[in-house]
2 protein chains.
Amino acid sequence: MTDDCVVYVIDDDSSVRAALEDLLASVGIRVLAFDTTTAFLTHGMEDVPGCLVLDVRMPGQSGIDFHRSMAGLGINLPVIFITGHGDIPMGVDAIKHGAIEFLTKPFNDQTLLDAIQNGISMDQERRRTKAEGLALHTLWSSLSAGEQDVARLVVRGLLNKQIAAELNVSEITVKIRRAQVMRKMDAQTLPDLVRLTEKLALSS
Amino acid sequence: MTDDCVVYVIDDDSSVRAALEDLLASVGIRVLAFDTTTAFLTHGMEDVPGCLVLDVRMPGQSGIDFHRSMAGLGINLPVIFITGHGDIPMGVDAIKHGAIEFLTKPFNDQTLLDAIQNGISMDQERRRTKAEGLALHTLWSSLSAGEQDVARLVVRGLLNKQIAAELNVSEITVKIRRAQVMRKMDAQTLPDLVRLTEKLALSS
DNA sequence: ATCAAAAATATACGAAAGTATAATTGCCGT
DNA sequence: ACGGCAATTATACTTTCGTATATTTTTGAT
């Protein structure tokens with residue numbers, strides 16, 4: 001489950017960081033702790049599944065503000081907020097913006113561990129989905145411009161003859177390109193190709 | 001936007017109900033207010049877009065408990081919680097379970113109105129999606145058992161010959177059934193049929 | 001049991017798809 | 001200008017698909 005993964009902790013309170021490091025070490029999960037969001041960004045992220053335990057209130061950038069900026073920074077880690085001084089709207093908004101948990105200190109250790117396990121699972125799943133989308137996009141990119149043209153019209157259901165007219169090429173050229181599309185996209189049948197392009201459109 | 005829709009209010013405090021009725025009447029939205037969840041269930045729901053403003057703490061069944069039971073009752077209304085005595089975990093859990101807002105009294109009128117408009121829009125969208133899925137399911141149901149068999153294998157990419165062998169019928173029968181499938185499903189091309197069955201699988 | 005409707009099958013034909021071989025065109029670098 | 005090299009096109013053939021017509025089988029109702 002937690003083969004190789006990291007939990008990032010950002011909290012200005014060193015005693016909290018130490019406590020979390022101990023807690024997660026006790027269950028064999030690697031921890032990288034920082035006292036500011038800047039320190040976290042400077043260190044960078046490892047390319048392994050993980051999640052982020054984030055303090056709400058900190059000197060410098062708050063955890064709330066950092067959370068809002070994460071998408072723009074290309075950081076998609078699941079976020080678990082911890083706080084000693086939160087209020088209801090803050091917690092509600094955090095969850096509405098995608099945080100997976102919002103815990104108030106003092107919190108139950110097991111509750112946090114459960115949230116972390118959940119976050120790591122979500123990140124693993126996100127990475128799987130992302131990898132599939134990337135692989136699919138790579139296949140598509142291996143098609144020449146003309147082959148992509150043909151592929152688009154094929155999955156629209158046009159006949160080879162119609163595609164040829166649309167693209168101002170001969171029907172035999174369409175057949176050649178079409179065969180190349182099927183080979184390069186590793187599609188055994190036309191329905192396969194349709195499904196591949198549907199996934200491609202969704203993950204665009 | 002709010003052509004014909006209803007906001008259901010469940011709150012044991014008659015002054016709150018009156019205030020909400022006034023507020024929503026001022027913007028021309030119809031209100032149905034109840035003092036208990038039982039009263040709401042007894043009255044039943046209208047078949048128009050709407051959302052539910054739900055008090056957290058009430059005599060009898062609490063709003064929180066009712067929210068958890070809604071899916072089992074087949075009620076998919078967007079829920080907006082209002083409360084005077086909530087805490088952070090309660091608000092966080094409510095949102096995690098799908099509530100679209102969790103407001104603490106006293107709340108800003110406009111905040112509630114925005115949430116309600118958002119809830120109504122979501123319900124409209126849900127109804128659109130549901131109607132599409134239902135229409136698609138109706139088309140599929142219009143296929144005979146044999147036609148459904150053929151359709152399933154067609155979208156898997158099997159040849160008519162292979163389908164015939166699989167179903168122990170003649171190839172000509174497959175052709176007839178296949179033509180019926182295309183006609184009944186209103187699919188002009190094979191890619192169309194593939195996409196229809198994909199949607200069907202997702203909304204099953 | 002019998003009749004009528006529906007489903008399945010047989011036969012036949014034209015259009016489309018897939019593939020192979022060969023010829024042609026267009027483009028790029030030397 | 002020239003020689004490759006990839007893309008396009010032409011030709012030919014086989015398989016598959018779609019459809020129409022006619023026949024047989026099955027099903028269901030009275």
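Just so we're on the same page: letters track the sequence lines, and every chain starts at 1. Here the structure is a predicted model, which means the values were calculated and not measured.
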Starting from the C-alpha separation in whole Å, work towards a yes-or-no answer on side chain to side chain contact (heavy atoms under 4.5 Å, CB included) for A/N118 and A/D114.
-> CA-CA 6 Å; A/N118 186 27; A/D114 289 346; over 6 Å; no
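The CZ atom of A/F81 sits 12.0 Å away from the CD1 atom of B/I88 when rounded to the nearest 0.5 Å.
Proximity of residues 157-172 of chain A to DNA chain C (heavy atom under 4.0 angstrom from any strand atom) is restricted to A/L159, A/N160, A/K161, A/I172.
Rounded to whole angstrom, the span from the CD1 atom of B/I176 across to the P atom of D/dA22 amounts to 14 Å. In this structure, CZ of B/R178 is placed 4 Å from P of D/dG18, rounded to the nearest angstrom. Taking atom NZ on B/K175 and atom C1' on D/dA22, their separation rounds to 16 Å, with Å as the unit. In this structure, B/M182 atom CE and D/dT19 atom C1' are separated by 14 Å, rounded to whole Å.
Note: A/H43 and A/Y8 fail the aromatic proximity criterion, with ring centroids not under 6.0 Å apart.
Atom CG of A/D22 sits in a crowded spot, with more than 12 heavy atoms from other residues, nucleotides or ligands closer than 6.0 Å.
Between A/R177 and D/dA7, a side-chain N or O to OP1/OP2 separation shorter than 4.0 Å is absent.
No hydrogens or angles considered: a donor-acceptor pair under 3.5 Å links the side chains of B/T173 and B/S170. At a cut-off of 3.5 Å, with distance as the only test, a side-chain donor of B/Q180 or B/R183 sits close to an acceptor on the other residue. There is a side-chain donor-acceptor pair under 3.5 Å between A/D192 and A/T189.
Close approach of DNA chain C to chain B, defined as any atom under 4.0 Å from a non-hydrogen atom of the protein, starts and stops at C/dA8 to C/dT11.
Looking at A/K199 and A/E132, no side-chain N of the basic residue comes within less than 4.0 Å of a carboxylate O on the acidic one, giving no salt bridge.
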